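These numbers were taken from a predicted model, which means no experiment stands behind them. Chain letters run A, B, ... following the sequence lines, proteins first and then strands; every chain starts at 1.
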Number of protein chains: 2
Amino acid sequence: MTVLDIGEVARRAGVPASTLRYYEEKGLITSSGRRGLRRQYDPGVLERLALIALGRTAGFSLDEIARMFAPDGRPDIDRRMLAAKAEELEARMRELAVLRDSLRHAAACPAPSHMECATFRGLLRAAATGVVPAPPKRTPGPR
Amino acid sequence: MTVLDIGEVARRAGVPASTLRYYEEKGLITSSGRRGLRRQYDPGVLERLALIALGRTAGFSLDEIARMFAPDGRPDIDRRMLAAKAEELEARMRELAVLRDSLRHAAACPAPSHMECATFRGLLRAAATGVVPAPPKRTPGPR
DNA sequence: GTGCTACTTCAAGTCGACTTGAGGTCAAGA
DNA sequence: TCTTGACCTCAAGTCGACTTGAAGTAGCAC
């Protein structure tokens, strides 16, 4: 019993089967075969799905994720790109830290409106003068 | 000259005017008045826009952002919600750290395919057994 | 007063990431 | 054998966050 039925994968990974089919269509995962019409998956797909979920919550698009863990055309470029993505994450984490601090302060601050609080506005200014360039195109969404 | 024309705001904030109109329609920002048909903005809108951009890159939807900085109906609920959002951010940052480490390792690791590397798979497993529940619905899109 | 141009409204379009629906297939249990 | 139910394909729909396009308007320079 070394392969998993699509329903089993869906259950274990916590995603609907339709999403698995969609990911397969996009080339993010592959099924190891079929039993009749039914897709069968190698258990490794679960790790791959965890990775995809992680990338999604980190704000990467499916295409970006696909590129991050592509079948490795030229490893050098690949590695440079991965390092660059790691840097992107680092930057995003710094932004999140600012936002987290802003929210924590806002939650504790007695000012009637947060915008009237000097500390809050200072945090925002710090964020604004930081990198925070043009807002990210589309996003995703994530969702 | 204490008010800004929409074009000026767009230029300074680095977003198209159409986005400003859209944000206004959604109640995320307000114009302080009009000169003829043209919207005029109070300079404080720039901080608010920085905040919105920050929230977007942190993965919040416009509706969530609107709620975070609502006109303050009940401050208590509001503050509890802000604290909860801060916790969410904390969790997201932990996930990002895992992904960053995974990417850094993948960039340095000599294994032909990342999935064949035990360290990498270990990081993934850690991520998978962590919180990383069902993938976030819709997103977002943020991109 | 005539242009120019940057604005205005409103409806419709786009994009990513899925989901839903209609109609069909097939392996396994009663 | 028949039914059931979980799967299949393919097209179309949805949702958030905007963008684009058409048609109109008004402050400012001339």
Side-chain angles (χ1 to χ4, degrees), chain A residues 1 3-41 45 49 51-68 134-143, chain B residues 1 3-41 45 49 51-68 134-143:
Chain A
M1 183 264 197
V3 291
L4 305 172
D5 187 89
I6 190 175
E8 184 67 10
V9 173
R11 204 183 51 68
R12 291 213 213 170
V15 300
S18 64
T19 300
L20 297 178
R21 283 189 284 267
Y22 177 68
Y23 283 179
E24 183 168 337
E25 190 187 335
K26 286 226 119 191
L28 274 83
I29 60 177
T30 48
S31 50
S32 60
R34 300 271 181 136
R35 180 177 38 173
L37 284 183
R38 290 165 156 73
R39 286 166 178 80
Q40 303 290 130
Y41 292 95
V45 80
L49 286 170
L51 175 62
I52 292 169
L54 201 54
R56 295 282 300 118
T57 83
F60 292 106
S61 73
L62 293 184
D63 283 357
E64 281 178 312
I65 294 170
R67 258 175 278 130
M68 275 188 222
K137 288 291 173 187
R138 307 253 127 72
T139 150
R143 183 137 289 141
Chain B
M1 183 261 197
V3 291
L4 305 172
D5 186 89
I6 190 176
E8 184 68 9
V9 174
R11 204 183 52 69
R12 290 212 213 171
V15 301
S18 64
T19 299
L20 297 178
R21 283 189 284 266
Y22 177 68
Y23 282 179
E24 183 167 339
E25 189 187 337
K26 286 227 117 191
L28 275 83
I29 60 177
T30 49
S31 50
S32 59
R34 299 271 182 137
R35 181 175 39 171
L37 284 183
R38 291 164 155 73
R39 286 165 177 81
Q40 303 289 130
Y41 292 95
V45 80
L49 287 170
L51 175 62
I52 293 169
L54 200 55
R56 296 283 298 117
T57 83
F60 293 107
S61 74
L62 293 183
D63 283 357
E64 281 178 312
I65 293 170
R67 259 175 279 133
M68 274 189 222
K137 287 290 173 186
R138 303 257 130 68
T139 145
R143 76 154 119 85

Atom-to-atom span, [atom1] of [X] to [atom2] of [N] - whole angstrom:
X: L49(A); N: dC18(C); atom1: CG; atom2: P; value: 11 Å
X: E64(A); N: dG16(C); atom1: CD; atom2: P; value: 12 Å
X: E25(A); N: dA12(D); atom1: CD; atom2: P; value: 14 Å
X: R11(B); N: dA6(C); atom1: CZ; atom2: C1'; value: 15 Å
X: I65(B); N: dG16(D); atom1: CD1; atom2: P; value: 14 Å
X: E24(B); N: dC18(D); atom1: CD; atom2: P; value: 15 Å
X: L28(B); N: dA17(D); atom1: CG; atom2: C1'; value: 11 Å
X: L20(A); N: dC8(D); atom1: CG; atom2: C1'; value: 14 Å

With sugar-phosphate meaning primed atoms plus P, OP1 and OP2, does S18(B) contact a base, only sugar-phosphate, or nothing at under 4.0 Å between heavy atoms? base
Identify the heavy atoms of I52(A) and I65(A) that sit nearest to each other, and give their distance. O-CD1, 3.7 Å
By side-chain contact (heavy atoms from CB on, under 4.5 Å) - contacts of [X] (at least two apart):
X: S18(A); value: P16(A), R21(A)
X: R11(B); value: E8(B)
X: S32(B); value: V3(B), Q40(B), D42(B)

Any side-chain heavy-atom pair from Y23(A) and L62(A) closer than 4.5 angstrom?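 Yes, at least one pair of side-chain atoms sits under 4.5 Å.
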Who passes side chain to side chain donor-acceptor pair (under 3.5 Å) against [X], sequence neighbours left out?
X: S61(A); result: none
X: D63(A); result: K26(A)
X: E64(B); result: K85(B)

Phosphate OP1/OP2 of [N]: any [X] side-chain N/O under 4.0 Å:
X: Y23(B); N: dA17(D); result: no
X: R34(B); N: dT9(C); result: yes
X: Y22(A); N: dG16(C); result: no
X: T19(B); N: dA17(D); result: no

Distances for protein N or O near nucleotides 3-7 of chain D N or O, under 3.5 Å:
unit_1	atom_1	unit_2	atom_2	d
dA6(D)	N3	R38(A)	NH2	3.0
dC7(D)	OP1	D5(A)	OD2	2.7
dC7(D)	OP1	G7(A)	N	3.2

Could you list the residues that satisfy salt bridge (charged side-chain N to carboxylate O under 4.0 Å, His left out) with R38(A), not counting sequence neighbours? none
Would you tabulate the pairs of protein nitrogen or oxygen atoms and nucleotide nitrogen or oxygen atoms of nucleotides 28-30 of chain C closer than 3.5 angstrom?
none

